[in-house]
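All chains are named by letter (A, B, ...) in the order of the sequence lines, taking the proteins before the strands, and each is independently numbered beginning at 1.
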Amino acid sequence: MRYAFFLGCMIPLRLPHIERATRMALEAVGVELLDMEGASCCGEPISIQSLDREAWIALAARNLCIAEEMKADILTICSGCYETLKTANVSMKRETSLRERINEKLSAIGKEFRGTIEVKNIIEVLGEVGEERIKAHLKRPLKGIRVAAHPGCHLLRPSEIIQFDDPMRPVLLDRLIRLLGAESIQYPKKMLCCGAGLRLVDLEKANKLVEMKLSLIESAETDCIVLVCPYCMIQYDLTQRMIKREDKAPFNIPVLYYSELLSLALGFSPSEIGLRFHRTSVEPLLKKLP
Amino acid sequence: MSEGMPEDLAALIKEKVVHCFQCGSCVGSCPTARAIPEYNPRRMMEELILGRWRGVLSGRMIWLCTLCHTCYEVCPQGVGISHIIVELRNHAARMGLAPPEYLNNVRQVASTGWTSPLTGAVQRIRKELGLPEVKTAGVEEVGRLIELTELGRMMGEQRS
């Protein structure tokens with residue numbers, strides 16, 4: 001099982017510890033990761049999609065071409081990259097006229113989109129590895145750990161393009177959490193957006209949204225939040241430190257990317273996967289580990 | 001009322017937006033509406049149906065959507081509101097109404113190939129974690145593609 005490993009920007013350039021845990025965990029369960037020479041920003045789903053959808057598709061198409069040349073499907077680890085690359089891939093396979101317009105632009109840089117690969121997310125790829133195979137590698141089952149899963153938006157929606165899990169009642173991330181021996185708890189407004197998409201134009205309101213979500217998660221008595229998107233990670237992990245509450249102590253909820261949780265269950269130590277680089281301390285979770 | 005309306009915007013309203021029967025499912029499920037009560041995608045669709053597209057395009061509201069696509073999923077009429085909002089933003093951007101924060105992001109991508117700079121601090125952390133050096137981002141090709149699109153024209157106008 002080998003994939004063109006699409007890193008995007010936020011993980012390698014701002015949250016490299018997530019890249020570390022992801023490489024270690026995936027390789028441990030038998031996924032070979034091929035680095036993509038020359039891959040850039042996916043195409044950027046917030047600013048660039050909003051300003052010029054066709055430029056968004058063109059930039060994504062260039063990255064798709066690199067994987068096509070490698071003859072490998074793409075594995076994304078950011079939900080923004082996933083939405084971008086998947087939308088470009090699916091739309092150009094469906095719409096001949098779009099594909100022709102984009103290929104005309106790509107010809108200026110000597111590339112051509114052929115539609116020969118698929119774009120997948122990390123949950124999807126771990127599903128292909130299979131529960132039995134992952135289970136066989138587990139060294140430290142996370143028994144008794146209560147996890148609040150945050151699937152996020154672009155892993156699932158718009159469903160017409162994404163076609164992965166149920167867009168409003170997903171189950172696959174929860175299933176992978178339970179596979180590690182942990183409990184995936186239910187909490188109110190689980191499917192509500194973290195607010196990251198508002199950060200650019202209204203940071204205060206973006207923070208208000210994540211504060212509301214953190215309060216609901218805190219009330220559900222969880223040991224950590226688990227997610228699969230670096231933009232959600234920044235909202236929950238970094239913004240959490242900045243929220244001042246008048247009547248209560250600051251939030252203190254550890255936030256992990258799924259591959260970090262998986263790495264712990266596979267027996268990697270917190271120091272080798274760089275959990276110290278989280279802004280919100282993960283110590284309360286580590287103390288509870290069996 | 002539809003005087004001067006770009007053709008593709010008129011077609012979008014005729015084919016999609018007119019199906020909105022104002023139930024408000026979009027508002028009820030919208031994260032932004034929780035944080036900003038004035039934000040109301042139902043009213044935005046109503047304004048378009050009533051022909052007040054200029055006000056919608058020049059207002060701040062279209063830029064407050066997080067693009068979570070929940071309204072896209074819950075709309076009983078299949079209006080595809082989040083996609084409509086992307087189209088409205090594209091039109092507004094062509095009219096020179098894009099928020100500067102968005103244009104700054106594009107500038108970063110056009111000049112480095114990435115949305116974030118590669119800082120010395122991150123390079124040190126990567127080394128400490130035993131991660132490979134960050135690969136080049138094909139920045140010349142990225143810049144060339146941007147030049148060939150409408151986005152390139154927008155960025156050019158920004159500079160001049």
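Ranking Leu64(B), Val139(B), Asn104(B), Ile146(B) against chain A, the residue ahead of the rest is Leu64(B), based on heavy-atom pairs under 4.5 Å. Counting heavy-atom pairs closer than 4.5 Å to chain B, the top-ranked of the candidates Glu160(A), Met191(A), Met212(A) is Glu160(A). The residue among Cys65(B), Ala98(B), Pro132(B) with the most heavy atom pairs within less than 4.5 Å of chain A is Pro132(B). Interface check for chain A: of the options Cys30(B), Ala35(B), Ala121(B), Ser82(B), the most heavy-atom pairs under 4.5 Å are formed by Ala35(B). For the options Met10(A), Glu83(A), Glu54(A), Met36(A), heavy-atom pairs under 4.5 Å to chain B are most numerous at Glu83(A). Among the candidates Leu67(B), Leu118(B), Val106(B), the residue making the largest number of heavy-atom pairs closer than 4.5 Å to chain A is Leu67(B). Looking only at heavy-atom pairs under 4.5 Å with chain B, the residue among Gly274(A), Pro167(A), Ala206(A), Gly8(A) that has the most is Pro167(A). Counting heavy-atom pairs under 4.5 Å between each of Ser40(A), Cys42(A), Ser50(A) and chain B puts Ser50(A) at the top. Annotation: maximal heavy-atom pairing with chain B below 4.5 Å, among Cys9(A), Gly38(A), Cys153(A), Pro158(A), occurs at Pro158(A).
Although no hydrogens or angles enter the test, the distance criterion places no donor-acceptor pair under 3.5 Å between the side chain of Glu37(A) and the main chain of Lys135(B). Asn90(B) places a side-chain N or O within 3.5 Å of a backbone atom of Gln49(A) that can act as its donor or acceptor partner. In terms of modelled atom types and a separation under 3.5 Å, the side chain of His17(A) and the main chain of Leu129(B) share no donor-acceptor contact. Judged by distance alone, the side chain of Arg126(B) and the main-chain N or O of Pro12(A) form a donor-acceptor pair under 3.5 Å. Put simply, the side chain of Asn105(B) never gets that close to the backbone of Ser47(A): no donor and acceptor are under 3.5 Å apart.
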(request) Starting from the C-alpha separation in whole Å, work towards a yes-or-no answer on salt bridge (Lys or Arg N to Asp or Glu O under 4.0 Å) for Glu128(B) and Arg20(A). (result) CA-CA 11 Å; Glu128(B) 190 182 323; Arg20(A) 170 70 172 169; over 6 Å; no
(request) May I have the step-by-step check of side-chain contact (heavy atoms from CB on, under 4.5 Å) for Ile46(A) and Tyr102(B), ending in yes or no? (result) CA-CA 8 Å; Ile46(A) 300 177; Tyr102(B) 279 53; 3.8 Å; yes
(message) Go through it in stages, so that I can follow the logic: the residues are Asp202(A) and Arg60(B), the test is side-chain contact (heavy atoms from CB on, under 4.5 Å), and I'd like the CA-CA distance, side-chain angles, deciding distance and then a yes or no.
(response) CA-CA 11 Å; Asp202(A) 198 332; Arg60(B) 179 168 179 260; 3.1 Å; yes
(message) Using side-chain contact (heavy atoms from CB on, under 4.5 Å), reason through Glu141(B) and Lys111(A) one step at a time and then give a plain yes or no.
(response) CA-CA 10 Å; Glu141(B) 291 185 4; Lys111(A) 292 207 181 300; 3.5 Å; yes
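For Glu19(A), the parts lying under 4.5 angstrom from a heavy atom of chain B are both the backbone and the side chain. Looking at Leu131(B), the atoms closer than 4.5 Å to chain A (heavy atoms on both sides) all sit in the side chain, from C-beta outward. Proximity to chain A is limited to the side chain of Glu87(B), based on heavy atoms less than 4.5 angstrom apart. Of the atoms belonging to Ile66(A), not a single heavy atom falls under 4.5 Å from chain B. With a 4.5 angstrom heavy-atom cutoff, Glu204(A) does not touch chain B via any of its atoms. For Leu106(A), the parts sitting under 4.5 Å from any heavy atom of chain B are the backbone and the side chain alike. Using a 4.5 Å cut-off between heavy atoms, His83(B) touches chain A through its side chain atoms alone. When heavy atoms are compared at a cutoff of 4.5 Å, Pro117(B) approaches chain A solely by way of its backbone atoms N, CA, C and O. Contacts between Lys189(A) and chain B at a heavy-atom distance below 4.5 Å involve the side chain alone, from C-beta outward. In this structure, the portion of Val109(B) lying under 4.5 Å from any heavy atom of chain A is its side chain and not its backbone. In this structure, chain B has a heavy atom under 4.5 Å from the side chain of Arg276(A), while its backbone stays farther away. Contact of Val134(B) with chain A is made through the side chain alone, with heavy-atom distances under 4.5 Å. Only the side chain of Glu73(B) comes within contact range of chain A, with heavy atoms under 4.5 Å apart.
Taking a cutoff of 4.0 Å between a charged side-chain nitrogen and a carboxylate oxygen, Arg199(A) and Glu101(B) do not qualify as a salt bridge.
With a 4.5 Å cut-off on side-chain heavy atoms, His69(B) and Cys193(A) do not count as touching.
More than 12 non-hydrogen atoms from other residues, nucleotides or ligands lie less than 6.0 angstrom from CZ of Arg94(B). For Glu272(A), the CD atom sits in a packed shell: over 12 heavy atoms of surrounding residues, nucleotides or ligands are nearer than 6.0 Å. Within a 6.0 Å radius of CZ in Arg101(A), more than 12 heavy atoms belonging to other residues, nucleotides or ligands are found.
Separation of atoms CG (Leu209(A)) and CD1 (Ile36(B)) is listed at 8.0 Å; rounding is to 0.5 Å. Expressed to the nearest 0.5 Å, how far CG of Leu103(B) lies from CD1 of Ile48(A) amounts to 10.5 Å. Atom NZ of Lys208(A) sits about 11.0 Å away from atom CZ of Arg34(B), to the nearest 0.5 Å. The OG1 atom of Thr32(B) sits 10.5 Å away from atom NZ of Lys205(A), with the distance rounded to the nearest 0.5 Å. How far CD of Gln123(B) is from CG of Leu13(A): 9.5 Å, rounded to the nearest 0.5 Å. Separation of atoms CD (Glu150(B)) and CG (Leu51(A)) is listed at 10.5 Å; rounding is to 0.5 Å.
The two residues Cys68(B) and His154(A) have their closest heavy-atom pair at CA-NE2, 4.2 Å. Taking both residues in full, the closest heavy atoms of Pro16(A) and Ile125(B) are given as CG-CG2, 3.8 Å, listed atom of the first, atom of the second, then distance. Heavy-atom minimum distance, Ala58(A) versus Leu145(B): O-CD1, 3.6 Å. When all heavy atoms of Arg14(A) and Ser116(B) are compared, the closest pair comes out as CD-OG, 3.3 Å. Considering every non-hydrogen atom in both Met168(A) and Val74(B), the closest pair reads CE-CG1, 4.3 Å.
Among the residues in residues 12-29 of chain B, those with a non-hydrogen atom closer than 4.5 angstrom to a non-hydrogen atom of chain A are Ser29(B).
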